[in-house]
Amino acid sequence: MIRDREAIEAFLVQVRRLVREVMVPREAEVVEADAVPADIVALMRGLGLFGMSIPEAHGGLGLTMEEEALVAIELGGASPAFRSMVGTNNGIGSQGIVMDGTDAQKARWLPRLASGEVVGSFALTEPDAGSDAGSLRTTARRDGDSWVLDGTKRYITNAPQAGLFTVFARSDPGRKGASGVSAFLVEAGTPGLRLGTPDRKMGQRGAQTCDVVFDSCRVPADALLGGRECEGFRTAMKVLDRARLHISAVCVGVALRLLDDALRFAMERRQFGQPIAEFQLVQAMLADSRAEALAGRSMVLETARRKDDGADVGIDASCCKLFCSEMVGRVADRAVQIHGGAGYMQDYAVERLYRDVRLFRLYEGTSEIQRLVIARGMIRDAKG
Ligand code: COS
């Protein structure tokens, strides 16, 4: 239970120790196994990291958005696969239930998501519906006391581990676009739900994704999220607004890690008779990265605080996601550059992190979608 500044500071120290002493030394093992080791998952469960954003009444830590962002920055200090393991339970895999679930759905799922006993997953994207999420084709047909789901979801994070899927499907074929979409809570193991083989990705090994296929998958009527039809798209958008702030914080954390690695390397590596950190062109890369990471940190924490105060931060959450995901890409690029040839070798973490961070500009809304959300919101607000 986290109640005041002192308590959150103490919690951050615990997370930092887990990151530095346990996770970082075992990053290669995660890549090798394409999985987070079970003993580290247990340590994360022990700290309550699966339930940071879940209210205390449902067994979570009930952190504020600002507190959660501070933790996410710490977790960014290790390979992003570790954060991803707890990411869906704190974000897209649980927040639909937190925001719009019925009391019974909250009571049934949130305590188990908070403890990490169940991994939650968010099934929105499809082979032909990525950025245009409202055009999704998975259908949900009412049949007596059940719903029958048919369709394919793609690149679904943590699907291979998931015990629960929040699935977005078109329940009203008569309504076009986003307005005919409902959300359903579907348990893993439900007949008619099948998983594809894990995707082979550019980076972020250890954070698994795969297809989730629904073939006449029958779920009870009470699987409809919030018991309300055609509210699914709005739920997905609200969940993504929040998740984008969390991802922005992770980007800041990874940028700080990259900078740490680059600085240490630059101070040790000698060329032309002195450490390369003494050269002004290298210093410029370090300084630009430090300034950009600070800008990202400041905007994320400021936006998170305003969200905690009840402000509508949809536009600013997209500003954070846009800036921070692009920023960490630039920092990763400089970190490789500072390492020189060594930065291209798998012996150094920057080579792996360079590939890992590319995903941040793609998932939970591409940079292009963030720009669209920001500009559309500005125009909407100006019209009043
Ligand atoms: N919060 C609450 N409601 C929202 C919302 C938000 N942030 N954004 C949109 N909505 C609502 C709208 O108000 C609208 O409802 P009404 O019809 O009642 O007015 C409805 O949702 C549809 O909104 P809109 O018309 O803006 O939908 P579009 O089809 O134009 O799509 C984008 C909007 C492009 C922003 C959306 O499809 C999107 O975010 N795409 C990216 C998806 C994504 O991030 N995928 C990553 C997968 S998860 S890892």
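Every value quoted in this text rests on a predicted model; they were computed, and no experiment measured them.
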What side-chain donor-acceptor pairs closer than 3.5 Å can you find for residues 262-270, not counting sequence neighbours?
residue, atom, partner, partner atom, Å
R264, NH2, D261, OD1, 3.1
R270, NH2, G273, O, 2.9

Side chains of S121 and N158: donor-acceptor distance under 3.5 Å anywhere?
-> no
Can you tell which of K153, R170, R154 makes a salt bridge (charged side-chain N to carboxylate O under 4.0 Å, His left out) with E126?
-> K153
ILVMFWY clustering at 4.5 Å (side-chain atoms), partners of Y155 | none
Spatial distance of atom CD (E364) from atom CD1 (I369) [nearest 0.5 Å] | 13.5 Å
Can I get a per-line list of side-chain donor-acceptor pairs under 3.5 Å for residues 183-194, giving both atom names and the distance, sequence neighbours left out?
residue, atom, partner, partner atom, Å
E187, OE2, R108, NH2, 2.5
T190, OG1, E187, O, 2.5

In the hydrophobic cluster built from side-chain contacts under 4.5 Å, what are the other members alongside L136?
-> I92, M99, F122, L124, F168, V181, F233, M237, V239, L240
With sequence neighbours excluded, give me every side-chain hydrogen bond (donor to acceptor under 3.5 Å, both in side chains) pair touching residues 289-301.
-> S289-R334, E292-R330, E292-R334
May I ask you to decide if G206's main-chain N or O and D34's side chain share a donor-acceptor pair within less than 3.5 Å?
-> yes
Hydrophobic cluster of L281, others only, ordered by chain and residue number, side-chain cut-off 4.5 Å = none
Side chain to side chain donor-acceptor pair (under 3.5 Å) against R358, all qualifying residues, sequence neighbours excluded = none
Please tabulate, for the side chains in residues 75-87, all donor-acceptor contacts under 3.5 angstrom to protein atoms that are two or more places apart in sequence or on a different chain.
residue, atom, partner, partner atom, Å
R83, NH1, H246, NE2, 3.3
R83, NH2, Y363, OH, 3.2

Could you pull out all residues at least two apart from R175 that satisfy side chain to side chain donor-acceptor pair (under 3.5 Å)?
-> none
Given side chains that start at C-beta, do those of P37 and V30 come closer than 4.5 Å, heavy atoms only?
-> yes
Are the charged groups of R361 and E326 less than 4.0 angstrom apart, N to O?
-> yes
Give a yes-or-no answer on whether the side chains of S131 and E368 include a donor-acceptor pair shorter than 3.5 Å.
-> no
Salt bridge (charged side-chain N to carboxylate O under 4.0 Å, His left out) partners for D316, two or more places apart | R306
Taking only residues two or more places apart in sequence, or in another chain, which ones meet D312 in a salt bridge (charged side-chain N to carboxylate O under 4.0 Å, His left out)?
-> none
Is there any side-chain hydrogen bond (donor to acceptor under 3.5 Å, both in side chains) pair reaching into residues 15-26, and which pairs are they, with sequence neighbours excluded?
-> R16-E74, R26-E29, R26-D39
